[in-house]
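What follows is a single structure, written as structure tokens, with notes after it.
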Amino acid sequence: MNMPYSKEVDRKWQKIWEDSKLYKFNPKNVDKKLYVLEMFSYPSGSKLHVGHWYNYGLSDSWARMKRMQGYEIFQPMGFDAFGLPAENFAIKTGIHPHDSTMQNIETMEKQLKEMGATFDWDYEVITCLPEYYKWNQWLFLTLYKTGLAYRKEAPVNWCPKCNTVLANEQVVDGHCERCETDVTKKNLTQWFFKITDYAQELLDKLEDLDWPEKTKKIQTNWIGRSEGAEIEFKVADQDISFKVFTTRADTLMGVTYVVLAPENELVAKLTTEENKKAVAEYQDATKKITEIDRLSTTKEKTGVFTGSYAIHPINGQKVEIWIADYVLGSYGTGCVMAVPAHDERDFEFAEKYKLPINRVIKGKDGANDALPFGEYGILVNSGQFDGLTSEEGKIQLVEKLAEQNKGQLKINYRLRDWLVSRQRYWGTPIPVIHCEKCGAVPVPEKDLPVLLPYDVEFAPDGESPLKKSAEFMNVACPSCGGPGQREADTLDTFVCSSWYHLRYPDNKNKDQAFNTEWINKMLPVDKYIGGAEHAAMHLLYARFINKALRDAGYVNFDEPYTSLIHQGTILGPDGLRMSKSKGNVISPDVYIDEYGSDVFRMYLAFGFSYIEGGPWSDDGIKSMSRFANRVERIVERSKELAGITGKTEMGKEEKELNFVRHMAIKGVTKDAEIFQFNTSIAKLMELLNALYKYEADVENKNIALFQDAINDLLRLLSPFAPHFTEEMWEALGNKGSIFNEKWPVWDENAMIKDVVEIAIQVNGKVKGRMEIPTSAEQQEIEKMVMENDEVKDMLEGKQIAKIIVIKNRLVNIVVK
RNA sequence: GCGGAUUUGGCGGAAUGGCAGACGCGCUAGACUUAGGAUCUAGUGUCAACGACGUGGAGGUUCAAGUCCUCUAAUCCGCACCA
């Protein structure tokens with residue numbers, strides 16, 4: 001007995017699927033594997049929101065289609081379970097992060113199952129459990145061994161009132177998000193991953209990826225390759241020299257001063273006695289300025305003179321050495337040659353502090369070259385280099401410098417090394433022991449995991465929470481056996497998410513993070529689906545880790561994610577991002593209770609362009625319910641006709657129905673392939689409309705055709721409405737899951753019509769229509785059109801210049 | 001400031017350079033009905049309506065432009081003193 005579609009139908013089939021293990025990945029079929037991965041989610045306390053349904057529901061539809069097309073789908077799910085929100089929640093409520101996180105995971109698993117997605121839960125990965133983070137620690141050690149993990153001093157955001165380190169997202173307009181205090185900087189020794197070693201490859205390999213162009217562009221900018229030169233300046237009267245990086249070596253002869261970043265190590269040596277006070281004050285002031293203010297382009301430039309002079313590497317002139325916060329310590333060499341005539345920033349600075357401004361470039365062919373003139377031109381006031389173009393000057397000046405070992409061409413990247421230390425509790429402990437004698441010693445692999453202790457005071461008080469657990473901290477040095485202290489910082493959660501796709505297919509492995517031979521068969525991920533907000537960080541980190549593991553011999557492929565899709569964002573009804581504080585959050589639950597999960601899924605598929613997203617509106621969700629009802633009724637009709645022998649001929653109506661049927665198969669197959677679910681559903685509606693039309697118009701039916709078309713409709717619809725179509729499939733008396741059926745294949749021949757209506761244009765404007773046999777060739781079409789009486793009337797007294805015939809579409813007659 | 005994307009009926013959204021507005025919502029009229037927030041049928045870009053005009057705006061290429069090119073505006077996103 002079959003029921004009208006509702007939530008109960010969802011539950012019925014979810015149970016059948018689970019009992020029959022329908023969606024278990026079969027490793028024997030690895031040659032047909034398709035690794036479909038949705039970015040795993042953070043186990044938040046609230047229920048699944050519309051975004052989860054939109055992301056996971058629709059990519060599941062895609063996976064279901066691929067399954068029916070014969071792929072062995074590997075579609076795992078897991079949880080990115082470490083991170084700040086659980087820790088903050090704990091500080092507020094006293095509920096331990098582990099307890100709240102595991103509770104949330106349980107709830108989310110249940111809800112994800114109710115969505116009816118084909119996740120294979122046997123391969124679940126939860127990052128906050130030792131069986132995962134043990135291997136996260138292994139990853140750290142592997143990078144350490146290969147020289148890709150290192151320690152150096154780096155500033156953290158520091159709230160002096162809360163006495164704690166703040167993540168960037170906790171700094172709001174330079175203030176602590178909790179207490180509004182001005183945030184300052186504090187230097188700590190922290191761990192970094194050397195992603196910059198891979199800058200060039202990360203850039204080069206982008207080309208081969210099937211990723212959105214926009215995302216590639218974001219990564220390109222993020223890596224920020226720039227070609228220039230490094231030029232050495234000697235300091236007058238001292239045995240010190242420093243290098244500057246410039247992309248405009250052609251302007252070298254216009255250098256009138258040089259600027260160092262205030263935090264540059266050389267500053268102490270270069271500062272003369274009478275300037276010490278001013279320099280020290282300026283350095284202090286820089287430290288207090290928040291990153292955001294310092295990086296603001298609108299801020300007036302400031303700086304102080306160090307008292308020292310540098311020697312121009314070509315003309316030998318003495319130029320002043322300044323420090324200024326518009327020069328960044330972290331980019332290039334942290335030193336800049338200032339050419340005020342040809343750089344806006346230097347110009348502004350030079351005017352303010354009355355530094356000389358020398359023009360060395362003039363515009364080509366009388367271009368407006370008012371100073372500051374930043375464009376390329378012709379070199380002037382540059383001695384032997386006068387008359388060269390900027391392009392030539394860049395090369396020749398550097399060649400000249402190279403002869404004297406004072407300069408060379410150089411490529412710089414904006415990309416910085418990845419800071420992975422976090423002064424937090426709820427994360428993977430960094431597997432390092434600090435020993436007075438031996439320094440930082442990695443924890444031997446056999447001692448992994450370094451367990452995260454449960455009983456820890458993690459309220460913020462200025463220390464990493466783990467530091468307060470004596471039991472955790474005090475340990476023998478693995479190297480000398482003397483007293484040691486564990487590293488108290490934890491790893492950035494982006495480390496967890498940078499390789500989780502490697503753990504999924506081998507998640508039970510107790511001896512290794514993953515088995516290389518197996519992983520080389522299962523990876524790379526064939527289709528990766530997730531939000532565009534991860535375009536820069538997560539996706540770049542994962543690519544880097546993949547390359548690092550490849551070079552260490554653990555994987556044999558270059559890139560983790562071959563093909564990437566970003567789903568759009570469903571906004572609140574007001575067009576703004578949904579958030580509790582704005583009160584515009586839409587809960588899917590109400591709709592699911594009323595209509596069932598499939599109607600909701602179909603509505604998400606139909607109502608939005610998947611890649612765009614858009615503001616939520618439930619106008620039209622009823623139409624999906626109506627659509628399901630209409631399908632139900634046509635299935636009923638099909639059942640009534642069972643056993644009756646109809647005609648077998650293919651008349652006009654039959655051909656028309658068959659045409660729409662095959663158009664739908666082709667359309668849905670092609671559109672869904674590229675995640676165009678809205679047009680896929682539209683084509684199914686057209687097929688349903690055609691079925692109704694046939695049913696109403698034709699007395700003596702070709703029942704076999706009618707029923708075949710309904711079968712196709714159900715199979716095409718099944719990825720979008722899995723529970724509903726299973727129910728319908730069963731109602732028709734079929735045995736077994738519809739998802740074990742083959743995906744329909746279209747027949748091009750069925751899509752050839754006998755006659756087609758084409759448009760008759762005169763000078764590009766539609767003036768009439770004509771029915772033309774599709775078999776007619778260009779010349780025949782032209783003849784038929786030109787002999788038509790109406791066309792003759794239209795062309796009365798006009799001179800025909802040209803006739804354009806586009807087969808099956810139109811004829812355009814160009815007249816004078 | 002730099003880079004990228006988007007802009008199509010009342011609405012969500014379709015259109016390999018080839019009949020703009022598929023499909024759906026909404027709306028209008030009708031049918032059925034005790035009833036209708038159900039269902040079915042028909043219609044629905046705009047206007048001064050037998051025609052003309054229509055894809056943010058202005059030019060251009062083409063027999064033909066929503067689609068290609070140039071300029072421009074608005075919105076969104078990314079980067080942001082990167083030497």
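What you see is a predicted model, and the numbers here were worked out from it, not measured in a lab. Per chain, numbering begins at 1; letters A, B, ... match sequence-line order. Hydrogens, waters and symmetry mates are skipped; everything else that's a heavy atom, side chains included, is used.
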>> What's A/Lys765 touching, base or sugar-phosphate or nothing? Going by heavy atoms closer than 4.0 Å.
In response: sugar-phosphate
>> With a cut-off of less than 4.0 Å, is there a side-chain N or O of A/Arg630 near OP1 or OP2 of B/C40?
In response: yes
> Which value, in whole Å, describes the distance between the P atoms of nucleotides B/A42 and B/C25?
Replying inline: 14 Å
>> Would you measure the distance from the P atom in B/A5 across to the matching atom in B/U46 and give it in whole Å?
In response: 33 Å
>> Tell me the interatomic distance from A/Tyr376, atom OH, to B/A83, atom C1', rounded to whole angstroms.
In response: 12 Å
>> What's the gap between B/U55 and B/C50 when it is taken at their C1' atoms, as a whole Å value?
In response: 27 Å
> Going by atom types alone, do A/Asp618 and A/Tyr591 pair a side-chain donor with an acceptor below 3.5 Å?
Replying inline: yes
> With a 4.5 Å limit on heavy-atom distance, are the side chains of A/Met253 and A/Asn358 in contact?
Replying inline: no
> Is a side-chain donor-acceptor pair under 3.5 Å present for A/Thr679 with A/Gln676?
Replying inline: yes
> With a 3.5 Å cut-off and no angle check, do the side chains of A/Asp250 and A/Ser390 form a donor-acceptor pair?
Replying inline: yes
> For RNA chain B, which ranges pair as stems of 3 or more consecutive Watson-Crick or G-U pairs, with both donor-acceptor distances under 3.5 Å?
Replying inline: B:1-7 with B:73-79, B:10-12 with B:23-25, B:26-31 with B:39-44, B:45-47 with B:51-53, B:56-60 with B:68-72
>> On RNA chain B, does the nearest nucleotide to A/Thr246 precede the nearest nucleotide to A/Ala682 from the 5' side, or the other way round? Give the residue.
In response: A/Ala682
>> Rounded to whole Å, how long is the line connecting atom CG of A/Asn221 with atom C1' of B/G3?
In response: 6 Å
> Quick one: what's the B/S/- string for nucleotides 11-18 of chain B, heavy-atom cutoff under 4.0 Å, read 5' to 3'?
Replying inline: -BSSSB-B
>> Whole angstroms only, please: what is the CZ-P distance between A/Phe245 and B/C81?
In response: 16 Å
>> Can you confirm whether the side chains of A/Tyr376 and A/Lys394 place a donor and an acceptor under 3.5 Å from each other?
In response: yes
> Can you tell me if A/Tyr282 and A/Thr302 form a side-chain donor-acceptor pair at under 3.5 Å?
Replying inline: yes
>> Using the side-chain heavy atoms of A/Lys802, tell me which of these nucleotides is nearest: B/A22, B/C25, B/C63.
In response: B/C63
What side-chain donor-acceptor pairs closer than 3.5 Å can you find for residues 685-695 of chain A, not counting sequence neighbours?
from: A/Asn689; atom 1: OD1; to: A/Arg630; atom 2: NH2; distance (Å): 2.8
from: A/Asn689; atom 1: ND2; to: A/Met685; atom 2: O; distance (Å): 3.4
from: A/Tyr692; atom 1: OH; to: A/Arg630; atom 2: O; distance (Å): 2.8
from: A/Lys693; atom 1: NZ; to: A/Asp697; atom 2: OD2; distance (Å): 2.9
from: A/Tyr694; atom 1: OH; to: A/Glu654; atom 2: OE2; distance (Å): 2.5
from: A/Tyr694; atom 1: OH; to: A/Asn702; atom 2: N; distance (Å): 2.9
from: A/Glu695; atom 1: OE1; to: A/Arg637; atom 2: NE; distance (Å): 3.0
from: A/Glu695; atom 1: OE2; to: A/Arg637; atom 2: NE; distance (Å): 2.8

> Which of these nucleotides, B/U39, B/C82, B/C23, is closest to any side-chain atom of A/Arg633?
Replying inline: B/U39
>> By the rule that syn is within 90° of 0, classify the base conformation of B/A49 as syn or anti.
In response: syn
>> Regarding A/Glu213, tell me which of base, sugar-phosphate or nothing describes its non-hydrogen contacts under 4.0 Å with the strands shown.
In response: nothing
> Which residue, A/Ile529, A/Leu604, A/Leu58, A/Ile611, forms the side chain to side chain contact (heavy atoms under 4.5 Å, CB included) with A/Gln567?
Replying inline: A/Ile529
>> Counting only side-chain heavy atoms from C-beta out, which of B/C82, B/A83, B/G24 sits nearest to A/Asn689?
In response: B/G24
> Has A/Gln778 got more than 12 heavy atoms of other residues, nucleotides or ligands less than 6.0 Å from its CD?
Replying inline: yes
>> What's the gap between B/G30 and B/U16 when it is taken at their P atoms, as a whole Å value?
In response: 40 Å
>> Does a side-chain N or O of A/Arg626 approach OP1 or OP2 of B/U39 to a distance below 4.0 Å, or not?
In response: yes
> Starting at CH2 of A/Trp222 and ending at P of B/C82, how long is that distance when rounded to a whole Å?
Replying inline: 16 Å
>> Among B/C63, B/A83, B/C23, which nucleotide has an atom closest to any side-chain atom of A/Thr247?
In response: B/A83
> Whole Å only: how far is the NE2 atom of A/His566 from the C1' atom of B/U6?
Replying inline: 16 Å
> Quick one: A/Arg414 CZ to B/G3 C1', roughly how many Å, whole number?
Replying inline: 10 Å
> Are A/Arg416 and A/Thr196 close enough that a side-chain donor and a side-chain acceptor fall under 3.5 Å?
Replying inline: no
> Looking only at atom P, what distance separates B/C47 and B/A35, rounded to whole Å?
Replying inline: 36 Å
>> Output the rounded distance in Å from CE (A/Met602) to C1' (B/C23).
In response: 14 Å
>> Please confirm whether the shortest side-chain N or O distance from A/Tyr326 to OP1 or OP2 of B/A83 is below 4.0 Å.
In response: no
>> Which is it for B/G57, anti or syn, if anything within 90° of zero counts as syn?
In response: anti
> What about A/Tyr603 and A/Trp616, are their ring centers closer than 6.0 Å?
Replying inline: yes
> Heavy atoms under 4.0 Å, any strand shown: does A/Val814 hit a base, just sugar-phosphate, or nothing?
Replying inline: sugar-phosphate
>> Using the C1' atom as the point on both nucleotides, what is the distance between B/G51 and B/U34, in whole Å?
In response: 50 Å
>> Using the C1' atom as the point on both nucleotides, what is the distance between B/A15 and B/G3, in whole Å?
In response: 29 Å
>> Both A/Gly764 and A/Asn629 contact RNA chain B. Taking the nearest nucleotide for each, which residue is further toward the 5' end?
In response: A/Asn629
>> Within the 4.0 Å heavy-atom criterion, would you say A/Arg416 contacts the bases, only the backbone, or no part of the nucleic acid?
In response: base
>> Is it the case that the base of B/C81 and the side chain of A/Lys301 share a donor-acceptor contact (distance under 3.5 Å, atom types as modelled)?
In response: yes
> Got more than 12 heavy atoms from elsewhere within 6.0 Å of CD, A/Glu533?
Replying inline: yes
>> Rounded to whole Å, how long is the line connecting atom NZ of A/Lys217 with atom P of B/G78?
In response: 17 Å
